[in-house]
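Every number for a ligand or one of its atoms is a count from 1 in the order of the listing. Throughout, numbering of the chain's residues begins at 1 and tracks the sequence.
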Amino acid sequence: MEKQKASSTNFPGLRLLIVALALLLASCACPGPESTGAAHFKVVVIGKSVHPYWSNVETGVQAAAKDLGLRADQAVFFVPPTEDVTKQIETMETYIAQGVTGIAVAPSDPSALEPVMKKAADAGIIVTTLDTPPVDDSVSLVYIGTDNYAAGKVAGEKMAQLLPAGGTVGIGRGSDTALNALQRTDGFLDAIAGTGIETLEPFNDKEDAAQALELANSVLSANPDLTGAFGVYAYNGPAWATAIKEADRVDKTKLVCFDATTDIINGIKEGVIDATVAQREFDMGYKSVHLIYLISTQGQAAAFGKMDVVNGIIDTGVDVITQANLKAYQIQLNAKGIPHKWSTQDWEPEQDELDQWN
Ligand code: BGC
């Protein structure tokens with residue numbers, strides 16, 4: 001105490017200097033992390049379509065904003081109704097004009113989105129991607145999401161286990177341009193190569209649930225002996241499940257899909273969906289906001305270190321779910337505090353499902 005008192009009275013010049021420096025720092029318009037103080041921070045997360053999968057991403061965005069002490073308007077989430085590259089570009093333009101701190105985007109067409117992503121980066125906006133990877137050499141600093149090729153392979157391996165005698169598999173997906181759809185399909189095809197399983201040409205519903213169902217129905221009626229179906233996007237599993245039930249083929253057509261929204265979990269409980277590769281989309285939303293916040297407040301190197309960015313990627317991982325481990329999966333979600341609208345209470349796996357997967 002004494003020492004402090006002595007210094008403040010004995011060196012008035014020093015005090016003045018400190019006050020002047022503090023005023024200078026407060027008014028400084030110089031670029032760098034300090035210029036994006038928390039009060040001015042704004043992050044925008046742009047998804048691909050209106051769907052419960054993207055609602056889970058939005059929940060992650062909001063949870064991160066809350067944990068970081070941000071106002072609701074500082075973490076904005078947007079999705080077009082169905083796959084819509086033009087709308088994604090327009091939304092990017094709107095927020096570039098606002099001069100937001102960062103934009104995390106899931107590019108439905110990575111080549112089409114790259115120029116506007118570059119425009120944002122050139123304007124000093126932090127640009128990252130989530131769920132769907134960008135082009136090689138993109139301005140996106142980090143991709144936060146699934147390793148889609150590896151996850152597609154896991155799906156293909158599951159299908160091969162389900163169809164030991166081979167067969168014909170239909171493939172439904174929501175895009176012919178988004179890299180996650182293409183990489184999942186490639187991984188799946190590589191995993192089933194040489195197993196005696198053949199595939200039909202993938203159909204594209206452009207992330208339109210009604211289209212997905214219509215296409216699944218028509219593939220099934222054109223191929224009444226279809227032995228397997230693969231759902232690449234979150235819409236596709238439920239679309240196949242409905243078509244398979246309507247065609248009375250639950251025991252004859254094996255179904256492997258992606259994601260773990262309520263309708264997919266219900267399909268697993270019912271036994272119409274045999275396995276699903278659940279992504280961690282809540283984490284994609286949460287980590288996108290968190291990473292952009294850390295970059296803007298602490299700089300890129302510190303942010304990358306804290307968030308374990310490896311080669312420009314945060315791999316959020318997947319969980320493969322069947323009836324055999326559905327209850328364990330729910331326990332895991334509860335332990336991580338990840339909200340979900342389904343429950344396994346009053347439900348037990350069927351014995352033959354347990355035998356098959358255990
Ligand atoms: C994909 C997303 C897609 C969503 C809904 C998910 O499997 O990762 O890119 O938008 O399904 O179709």
His290 vs Tyr286 aromatic rings, parallel, tilted or perpendicular, using cut-offs 30° and 60°?
perpendicular
Applying salt bridge (charged side-chain N to carboxylate O under 4.0 Å, His left out), which residue pairs with at least one partner in residues 151-180 are found, sequence neighbours left out?
Arg173-Asp176
Under 4.0 Å to a heavy atom of Lys48 - the qualifying atoms of ligand 1, by number
9 (O), 10 (O)
For ligand 1, the portion of Tyr233 having any non-hydrogen atom under 4.0 Å away:
both
A student checking ligand 1 against Trp54 at a 4.0 Å heavy-atom cut-off should list atoms 3 (C), 4 (C), 10 (O)
Is Asn180 touching ligand 1 with its side chain, its backbone, both, or neither, if touching means heavy atoms under 4.0 Å apart?
side chain
Qualifying residue, where the test is side chain to side chain contact (heavy atoms under 4.5 Å, CB included) with Leu179 and the options are Pro133, Ser111, Pro134:
Pro133
Hey, is Lys206 close enough to Asp208 for a salt bridge, meaning N to O under 4.0 Å?
no
Parallel, tilted or perpendicular: which fits the ring planes of Tyr293 and Phe41, with parallel below 30° and perpendicular above 60°?
perpendicular
Thr177: side chain to side chain contact (heavy atoms under 4.5 Å, CB included) partners, not counting sequence neighbours:
Glu83, Asp109, Ser175
If we number the atoms of ligand 1 from 1 as shown, the ones under 4.0 Å from a heavy atom of Gln279 are 1 (C), 6 (C), 7 (O), 8 (O)
Protein residue, atom and distance nearest to atom 7 (O) of ligand 1, heavy-atom basis
Asp259 OD2, 2.4 Å
Shortest protein contact, atom 11 (O) of ligand 1 (heavy atom only)
Ala234 N, 3.0 Å
Look at atom 8 (O) of ligand 1 and say which protein heavy atom is nearest, naming residue and atom and giving the distance to 0.1 Å.
Asp131 OD1, 2.6 Å
Check if Arg184 has a non-hydrogen atom at a distance under 4.0 Å from any atom of ligand 1.
yes
Which residue is it: Phe230, Tyr235, Phe203? I am looking for the one with a ring-ring contact (aromatic ring centres under 6.0 Å, His included) to Trp240.
Phe203
Ligand 1 atoms in contact with Tyr235 (distance to a heavy atom under 4.0 Å):
5 (C), 12 (O)
